[in-house]
Each structure stands twice: as C-alpha cells, then as structure tokens.
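Written out below as structure tokens is the structure these notes cover.
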Amino acid sequence: MKRFLFLSLLFSCIYTFPGYTKTYEHEHREFTSLEKETFDTLKEDFSNELLDAELKTLNELARSNTYKNFLIKAHQDASLPPEFPKIVDADGQIVDDTLYKILPPKERYLTYYTEQFGVQTLDEVKTLEHFIVHYEETGKWIFKAVKRGGDTPEYLRTEGQQRGGPLGRVPAFQAMMKHRFGIEINERPDMSNIPQIMSVFDFPLTGLTSELIDADVRWIQSLFEKHGKSEGILWVALQNPRIFHRILYAFTTDKTFLKFIYDPSE
C-alpha cells in the first residue's frame, strides 16, 4: 500500500493534465439563522485574531463544543459508510472522521463522473462510490495544498492526526475499479495494473483536484476581501466545514496557509 501511495504521489507531481475547464464554483450566500447564531457565539468565545502563527486558535475552535454541536445540527444526515473503519485502520492509523464524514454534493466531482464513469446523471453514481472518490480527492487536495503553501510535508511531521492511506487494497475500491473500469485488483499487490489505474482514476482525479483547489481559493479570497481574514475564515468553517478541516490538516502556520491563498508555489 505504501508503494502504491508513493507511485501515486510521484505521478501526481510529474503528470500534466490538459483539457480540464473550471466547471465548479462555490455558492456565494448569506448565513442561515443557525450559522449566524453560531458565528456570534464563536466570535464571543474566540475574540482574538483567529489566524495566529501556528493556527492554534483555529484548531481550538474546531474542537470546541459550540462548533461540534453546530456540525451535528447543520449536517444531521452526515454519516460514514460501514467500510470506513476498514479503510482507515489498515495501517493502524488514528483518523479524525470529521475530515470525511460530511460529503460534498456530487456536483463537485461532476467532471470526473461524466468523463471517467461515463454516467448520464449523477443519480447513477452510488453513494459509496462518491465517498471513495471524495476520500481519494481529499488526500490529493491536502497533498497539493501542502506543496502550494510550502508547508512541511505530512510524512515529515511528528505531530498531528493521520488522514488514512490510499484505498488500493480496500474491497470497496476494488469493486469500483472492476465495475467502472473493468480492472481486476488482486488481494496481493500487483504492479502490472498500476499504470491502468493511474490512467483512468488517479490522473483525471488529480487534474480535477487542481481545478477544485483553484475554485476553493477564489471563494476564500472573496470571503477575506469582504469580511477580513479573521472573520472570513470563520465563514469558511461555518459554510464549508469540509474545506475548513482540509485547511487544518494541510497547514501548520498562518504563513503557509496565506501563501497557499495568495502566492502559491506552483
């Protein structure tokens, strides 16, 4: 599995992804009543600058009961598939399930589903397939965000939770590869089909991830311009917890996060 991850990251670094257009944009909207109520409470509880040097305040906010209770109320239907423990426990890792629990709408991966799965409607994409794509895209997003922000690579960090490894040997992933692409993945590692997996799954998803990151950055920039950085990041936390938790996994300092937003390395 580790070798599969290494090859995936290697190809992600050297492969060029032509032909992708920016098809996804975030919705610009005002707060719901629940978001406004939580915003006011968090502003009172965390009255200092939220973007401190080591992002400690943001991590405290994410762990606060106020924010956790907000997530429960705002995303009552959020749940993980039964296969999730088998995915993240494969290497004995401890994973914060909030990184994966709240799924985005399938429209976020519309380009991938229509071009790679060949579906006519998003209803044809199974929920478990959507989770797998989201899980893998989350890893690619964090990897590319770390690189763009110039932060310490995850594998060199001595602290922080793990986000789970790749799904190459997970039965649900293997079933998706067979159903969607006709690729048989053996129980034992088999290097012969990796190029094919890269071609139909990793390369297209990595290319789409770059476009999604650009859309996410444009949205965050707009919030910063309208509300300021401290309040703007709180809008991110309330309106898109998925992106908020990715930020906390990807960055260890305010400088690398802001570099990712305004002056990326790539």
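Computed from a prediction, not measured in an experiment: that's the story for all the values here.
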Are more than 12 heavy atoms, taken from residues, nucleotides or ligands other than K259, located less than 6.0 Å from that residue's NZ atom? yes
Identify the heavy atoms of [X] and [Y] that sit nearest to each other, and give their distance.
{"X": "K126", "Y": "R180", "result": "N-NH2, 4.5 Å"}
{"X": "K68", "Y": "A62", "result": "CG-O, 4.1 Å"}
{"X": "R108", "Y": "L208", "result": "O-CD2, 4.5 Å"}
{"X": "L55", "Y": "D52", "result": "N-OD1, 2.8 Å"}
{"X": "L103", "Y": "R242", "result": "O-NH1, 3.2 Å"}
{"X": "E25", "Y": "A215", "result": "OE1-CB, 4.4 Å"}

Given 3.5 Å as the limit, does a donor-acceptor pair link the side chain of [X] with the main chain of [Y], or not?
{"X": "H245", "Y": "P241", "value": "yes"}
{"X": "K106", "Y": "V125", "value": "yes"}
{"X": "S199", "Y": "Q196", "value": "no"}
{"X": "E44", "Y": "T41", "value": "no"}
{"X": "Q116", "Y": "V200", "value": "yes"}
{"X": "Q221", "Y": "I261", "value": "yes"}

Please evaluate residues E107 and L122 with respect to the criterion side chain to side chain contact (heavy atoms under 4.5 Å, CB included), reporting the C-alpha separation (whole Å), side-chain torsions for both, the decisive distance (0.1 Å), and the verdict. CA-CA 8 Å; E107 284 77 8; L122 291 174; 3.6 Å; yes
What's the spacing between [X] [atom1] and [Y] [atom2] if we round to 0.5 Å?
{"X": "T138", "Y": "R246", "atom1": "OG1", "atom2": "CZ", "value": "3.5 Å"}
{"X": "T38", "Y": "F31", "atom1": "OG1", "atom2": "CZ", "value": "9.0 Å"}
{"X": "K140", "Y": "I213", "atom1": "NZ", "atom2": "CD1", "value": "11.5 Å"}
{"X": "L248", "Y": "R63", "atom1": "CG", "atom2": "CZ", "value": "9.0 Å"}
{"X": "E211", "Y": "D216", "atom1": "CD", "atom2": "CG", "value": "11.5 Å"}
{"X": "L42", "Y": "L238", "atom1": "CG", "atom2": "CG", "value": "6.0 Å"}

The side chain to side chain contact (heavy atoms under 4.5 Å, CB included) partners of K73 (sequence neighbours excluded) come to L34
Kindly indicate, with the supporting measurements, whether the criterion side chain to side chain contact (heavy atoms under 4.5 Å, CB included) is fulfilled by T66 and L61. CA-CA 8 Å; T66 298; L61 185 151; over 6 Å; no
Non-hydrogen side-chain atoms of [X] and [Y] separated by less than 4.5 Å:
{"X": "K178", "Y": "I183", "value": "no"}
{"X": "T252", "Y": "E54", "value": "no"}
{"X": "Y112", "Y": "L212", "value": "no"}
{"X": "T57", "Y": "E49", "value": "no"}
{"X": "F143", "Y": "P153", "value": "no"}
{"X": "T127", "Y": "P81", "value": "no"}

H134 and Y109: CA distance, side-chain angles, deciding distance, side-chain hydrogen bond (donor to acceptor under 3.5 Å, both in side chains) verdict: CA-CA 8 Å; H134 176 62; Y109 306 127; 2.8 Å; yes
Using distance only, find each side-chain donor-acceptor pair of residues 225-235 under 3.5 Å and give its atom names and separation, not counting sequence neighbours.
residue: K226; atom: NZ; partner: E30; partner atom: OE2; Å: 3.4
residue: S230; atom: OG; partner: L50; partner atom: N; Å: 3.1
residue: E231; atom: OE2; partner: K43; partner atom: NZ; Å: 3.1

Do NZ/NE/NH1/NH2 and the carboxylate oxygens of [X] and [Y] come within less than 4.0 Å?
{"X": "R29", "Y": "E35", "result": "yes"}
{"X": "R157", "Y": "D151", "result": "yes"}
{"X": "D214", "Y": "R218", "result": "no"}
{"X": "D254", "Y": "K56", "result": "no"}

Between W219 and H26, what is the ring plane arrangement, given parallel below 30°, perpendicular above 60°, and tilted in between? parallel
Parallel, tilted or perpendicular: rings of Y113 and F117 (30°, 60°): tilted
Donor + acceptor pair across side chains of T256, T253 (<3.5 Å): yes
Does R148 make a cation-pi contact with F260 (under 6.0 Å, within 45 degrees of the axis)? no
Check: [X] ring centre within less than 6.0 Å of [Y] ring centre:
{"X": "F244", "Y": "Y67", "result": "yes"}
{"X": "F201", "Y": "F173", "result": "yes"}
{"X": "W141", "Y": "Y100", "result": "no"}

Counterpart residues, ring pair (Phe, Tyr, Trp, His ring centres under 6.0 Å), relative to F257 (two or more places apart): F251
